[in-house]
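Heads up: the structure comes next, in structure tokens.
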Amino acid sequence: MNPTPFARLADVSRQVAGTASRNEKVAHIAALLRDVAPDERALTADYLAGTLPQRRVGVGWRSLRGSTSTPAQAPTVAVREIDARLTELEDLHGPGSVTRRKELLDDLWARLTDAERTFLTGLLIGDARQGAGDGVMLKAIAAAADLKETQVRRAVMLAGRTGPVAAIALDGGAEALARIRLEVGRPLRPMLAGSSPDIASALGDVTAPGEWTVEVKLDGIRLQAHKIGDDVRLFTRSLDDITARLPEIVDLVGSLPARNVVLDGEAIALRPDGSPHPFQVTGARTASSADPDELRRTVPVTALFFDLLHLDGADLVDAPMQQRRAALQGLVPAEHVVSALEVTETAAAQAFFDDWVARGHEGVVAKRTDAVYAAGRRGNGWVKVKPRHTLDLVVLAVEEGSGRRRGYLSNIHLGARDGKGGFVMLGKTFKGMTDEMLAWQTRRFTDLMTERDDWVVRVRPEQVVEIAFDGLQRSTRYPGGVALRFARVLRYRDDKSAEQADSIDDVLRLAQWQQNNQVDPDEEQT
DNA sequence: TTGACGGCTTC
DNA sequence: ATCGGAG
DNA sequence: CTCCGATGAAGCCGTCAA
């Protein structure tokens, strides 16, 4: 079969972007999948889902700006060739690689038409904006191969990847797809949790005893651990292999009394007294590639597991949570299992939440005891609950929106009073705004404008906004030394003037309180 | 050797 | 990560 | 219910230029 022109994909992407109907998007993509050469199906599926199979190409928004040659008149480049070029770029390392990467990119760029450039740019900067991603691709694969969506979904979740499953589905049909099972050593998509503002709404009004369990939510990084005989592999939430970085967890998993195991949990840096370090400590440790044997001494990371997905030949993903939990407790030492409470009444769950939050942890995940492990899905089987803080802050500036927010003033800069008539910036947010608020704030901040550069509009600091956030983190970027974590707008407050907004002192008091919860002050003397 | 910058990942 | 909009 | 897109902060790594 002939190689598929990359232009064909760019064209379909444009069509997909051009319709709001999900069914139409699916139809366009399915038709394409059926049409491409078998050895280009995996690539096509990945590209039309807006992703690249390469992990780090090293080309971003900035380096693409410089490529200004005239676009090719006619398409000449095949899909497989794009892949080959991107792999070349990925493999470039060492001195001179930046220059060489630029050359290779310019070379490729000169051979692409305008439409191809647009599409490839979207893929490279991870921003295809065609209104279709992995989710739509699932439906498209099912449609193209004439298979049940649930079956395709299951295969993708267990295989962890979309492209290869698309190829298998179209090539081998239902039987080939059914052969894709959980494979120890190959990461699967982690199950995700929905969220609720509080315990009561997470558990619902009527809670039968034994219907829910609440678990501590640890503020670390998601960890999927595989024991394959004598070998161990550790994966992050995005299925990155981080085995080499966490030798202490490799040791732990390797010592478990079973041959083949798949565990799900969290890796977190804890102090000797068990209190959690701020997330930044765990993040820095798990991202560092410095000598792991040194790091495990200076910043040890603890694995705390909450799920068991496979045990010596038995897949447990379809077993109810309660059963998986029991098997987990039978396998893993208690100090490496996340604390949990079977809920008999809402008040007890609330007390559990209060207790663990007071000890400095992130919150709680409520889990239905009968829920299967829904890989890759964010269902109501798991619901996270975190404490929420609020502040009344002053808008210092606004940024022009892009994409669907073009033409609106969107991202707002937030400041607390400094007590001397000025303001201390604490971060930005674009979250929590309805279309109506967006329209309103565009007018409001245009009225308050004092100056503007390319995309930032400075305003007179008069508008107060109520902001919700999860907590504070240390910042070197912001002048107060702290930044808001996951800030979002609750409402604009026209009943308050800027002089009545919260001050940096209020914020620093909260930071102090947070810190006291993370570490018992009595233990800090040494 | 150091700091700036871009890319990429975590949450 | 969170959130709102839309199929 | 599911999916998508608009963007947040910190911090690591590699490369380059001073």
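From a predicted model like this one, the values you see are computed outputs, not experimental measurements. Values reported hereafter were calculated over all heavy atoms of this structure, with side chains retained and with hydrogens, waters and symmetry mates removed.
E266(A) comes within contact range of no nucleotide atom at all, as no heavy-atom separation falls under 4.0 Å. When heavy atoms are screened at a 4.0 angstrom cut-off, S238(A) is found touching the sugar-phosphate backbone but no base atom. If you check every strand for non-hydrogen atoms under 4.0 Å, A290(A) touches sugar and phosphate atoms only. Counting any heavy atom pair closer than 4.0 Å across all strands shown, G283(A) reaches no nucleic acid atom. Here V57(A) lies in heavy-atom contact (under 4.0 Å) with sugar-phosphate atoms only. At the heavy-atom level, K217(A) lies nowhere under 4.0 Å from the strands shown. Using a 4.0 Å heavy-atom cutoff across all strands shown, S288(A) reaches sugar-phosphate atoms only and no base atom. Backbone-only contact: K386(A) has heavy atoms under 4.0 Å from sugar-phosphate atoms and none from a base. Within 4.0 Å (heavy atoms only), T286(A) reaches no atom of the nucleic acid at all. Counting any heavy atom pair closer than 4.0 Å across all strands shown, G96(A) reaches sugar-phosphate atoms only and no base atom.
The side chain of R404(A) has dG5(D) as its nearest neighbour among dG5(D), dA10(D), dC16(D). Side chain of R22(A), nearest nucleotide from dA1(C), dT15(D), dT2(D): dT2(D). Here the side chain of R153(A) is nearest to one of dT2(D), dT2(C), dA9(D), namely dT2(D). Closest approach to the K431(A) side chain among dT9(B), dC3(C), dA10(D) is made by dC3(C) (side chain taken as heavy atoms from C-beta onward). Candidate nucleotides dA6(D), dC4(D), dC11(B) were compared by shortest atom distance to the side chain of V136(A), and dC4(D) ranks first. Closest to the side chain of R62(A), out of dC13(D), dG7(B), dT9(B), is dG7(B). Of all nucleotides listed (dC12(D), dG5(C), dG8(D)), dC12(D) comes nearest to the side chain of A287(A). In this structure, the nucleotide among dC11(B), dA10(D), dC3(D) sitting nearest to the side chain of A483(A) is dA10(D).
Of the two residues contacting DNA chain D, namely N380(A) and R474(A), the nearest-nucleotide position lying further toward the 5' end is that of N380(A). Where D134(A) and Q280(A) meet DNA chain D, the nucleotide closest to each residue was compared, and D134(A) sits on the side nearer the 5' end. In terms of position along DNA chain B, the nucleotide closest to S63(A) lies nearer the 5' end than the nucleotide closest to the other residue of the pair F279(A) and S63(A).
Atom CH2 of W455(A) is separated from atom C1' of dA6(D) by 14 Å (rounded to the nearest Å). Distance, R405(A) CZ to dG8(D) P: 11 Å, rounded to whole Å. Separating the CG atom of L192(A) from the C1' atom of dC3(D) is a distance of 13 Å, rounded to the nearest angstrom. Rounded to whole Å, atom P of dC13(D) lies 14 Å from atom CG of D240(A). To the nearest angstrom, P of dG5(D) lies 19 Å from CG of N411(A). In this structure, CZ of R477(A) is placed 9 Å from C1' of dG8(D), rounded to the nearest angstrom. One can place CZ of F486(A) at 8 Å from C1' of dG8(D), the figure rounded to the nearest angstrom. Rounded to an integer number of Å, the gap from CZ of R285(A) to P of dC12(D) is 13 Å.
Between K139(A) and dT2(D), a side-chain N or O to OP1/OP2 separation shorter than 4.0 Å is absent. A close approach under 4.0 Å does not occur between any side-chain nitrogen or oxygen of R55(A) and OP1 or OP2 of dG7(B). For R388(A), no side-chain nitrogen or oxygen approaches OP1 or OP2 of dT2(C) to under 4.0 Å. The phosphate of dT10(B) (OP1 or OP2) has a side-chain N or O of T236(A) nearer than 4.0 angstrom. Here S97(A) reaches the OP1 or OP2 of dT15(D): one of its side-chain N or O atoms lies under 4.0 Å away. OP1 and OP2 of dT2(C) both lie 4.0 Å or more from every side-chain N or O belonging to T429(A).
The two residues E248(A) and V301(A) have their closest heavy-atom pair at OE2-N, 2.9 Å. Closest approach of P278(A) and Q518(A) over heavy atoms only: CG-OE1, 3.5 Å. Contact detail for V136(A) and R22(A): the closest heavy-atom pair is CG2-CD, 3.8 Å.
Relative to the ring axis of W61(A), R65(A) places its NZ or CZ within 45° and under 6.0 Å from the centre. A cation-pi arrangement, defined by a distance under 6.0 Å to the six-membered ring centre and an angle within 45 degrees of its axis, is absent between R368(A) and W382(A).
R237(A) contributes no side-chain N or O that forms a donor-acceptor pair with the base of dT10(B) under 3.5 Å.
Distance check on atom C1': dA1(C) versus dC8(B) gives 16 Å, rounded to whole Å.
No donor-acceptor pair closer than 3.5 Å links the side chain of E215(A) to the backbone N or O of K367(A).
Ring geometry for H226(A) versus F235(A): interplanar angle over 60°, hence perpendicular rather than tilted (30 to 60°).
A salt bridge does not link R509(A) to D505(A): none of the charged nitrogens lies less than 4.0 Å from a carboxylate oxygen.
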